[in-house]
Amino acid sequence: GNSVTQMEGPVTLSEEAFLTINCTYTATGYPSLFWYVQYPGEGLQLLLKATKADDKGSNKGFEATYRKETTSFHLEKGSVQVSDSAVYFCALSDLDGANNLFFGTGTRLTVIP
Amino acid sequence: DSGVTQTPKHLITATGQRVTLRCSPRSGDLSVYWYQQSLDQGLQFLIQYYNGEERAKGNILERFSAQQFPDLHSELNLSSLELGDSALYFCASSALPGGYTFGSGTRLTVV
């Protein structure tokens, strides 16, 4: 079946530190992969996505590369800011036409000044 | 504003009661998805509707039901509420294929 395994948090970093949040997936075929972000008190927002192997999604300084060989989609940012404090969710969409998203458990990131 | 509207934002009710959560999808999106987010269970997919028809079912309890109306808005009905049903309930919409657009959620507290 489809599933996403995400690095457990919480993660606490100092401002300008490098961020990596690991995400691996299990799926039949080649799903699309996503990172969503949830800021305090808000719903989930799409951060970036990749639809095929070796694609790199990027947005707001965040990047993730779809690695088929390692079934991974790790999220990275070179220099985090306090405003990046949020919960980050890795997700994959299935391929049977229903377009359902399967989410990881979420990783809470706190960036301290 | 994401374009997906959920009402109410907050709901407090007693055990055993029934509530209805409402979602208006983004204009043009035919699919509506309902998710439950709780501290211990994470983000759980409940159910999907596409253009008025149920398309997929996830971990939705028998006490819960949903429907999508001709104007594409959707309602999630939760009955015989238990303390453990306290959670954030999110609605999302999408235009196939692609990512979702989430509403800001309804926080349900069962006391």
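In what follows, every heavy atom counts, from backbone to side chain, and hydrogens, waters and symmetry copies are set aside. Throughout, protein chains are lettered first and strands after them, A, B, ... in sequence-line order, and every chain is numbered starting at 1.
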*Check whether L108(B) and V32(B) end up in the same hydrophobic cluster, where Ile, Leu, Val, Met, Phe, Trp and Tyr are linked by side-chain heavy atoms less than 4.5 Å apart.*
yes

*E62(B), CD: over 12 other non-hydrogen atoms inside 6.0 angstrom*: no

*Can you find a heavy atom in the side chain of F89(A) that is under 4.5 Å from one in the side chain of Q37(B)?*
yes

_When you group the ILVMFWY residues by side-chain heavy-atom contacts below 4.5 Å and let the links chain together, are Y66(A) and Y88(A) in the same group?_
yes

_Contact origin within Q38(A) toward chain B - heavy atom pairs under 4.5 Å_ = side chain

*asked:* To check you understand the geometry: which heavy-atom pair defines the closest contact between Y100(B) and Y36(A), and what is its length?
replied: N-OH, 2.7 Å

*Tell me whether F90(B) is reachable from V87(A) by hopping between hydrophobic residues (I, L, V, M, F, W, Y) whose side-chain heavy atoms are closer than 4.5 Å.*
yes

*Going by heavy atoms in the side chains, are L43(B) and L44(A) under 4.5 Å from each other?*
yes

*asked:* Does R26(B), at its CZ atom, have more than 12 non-hydrogen atoms belonging to other residues, nucleotides or ligands within less than 6.0 Å?
replied: yes

*Answer yes or no: is there a donor N or O on one side and an acceptor on the other, between the side chain of Y33(B) and the main chain of L101(A), under 3.5 Å?*
no

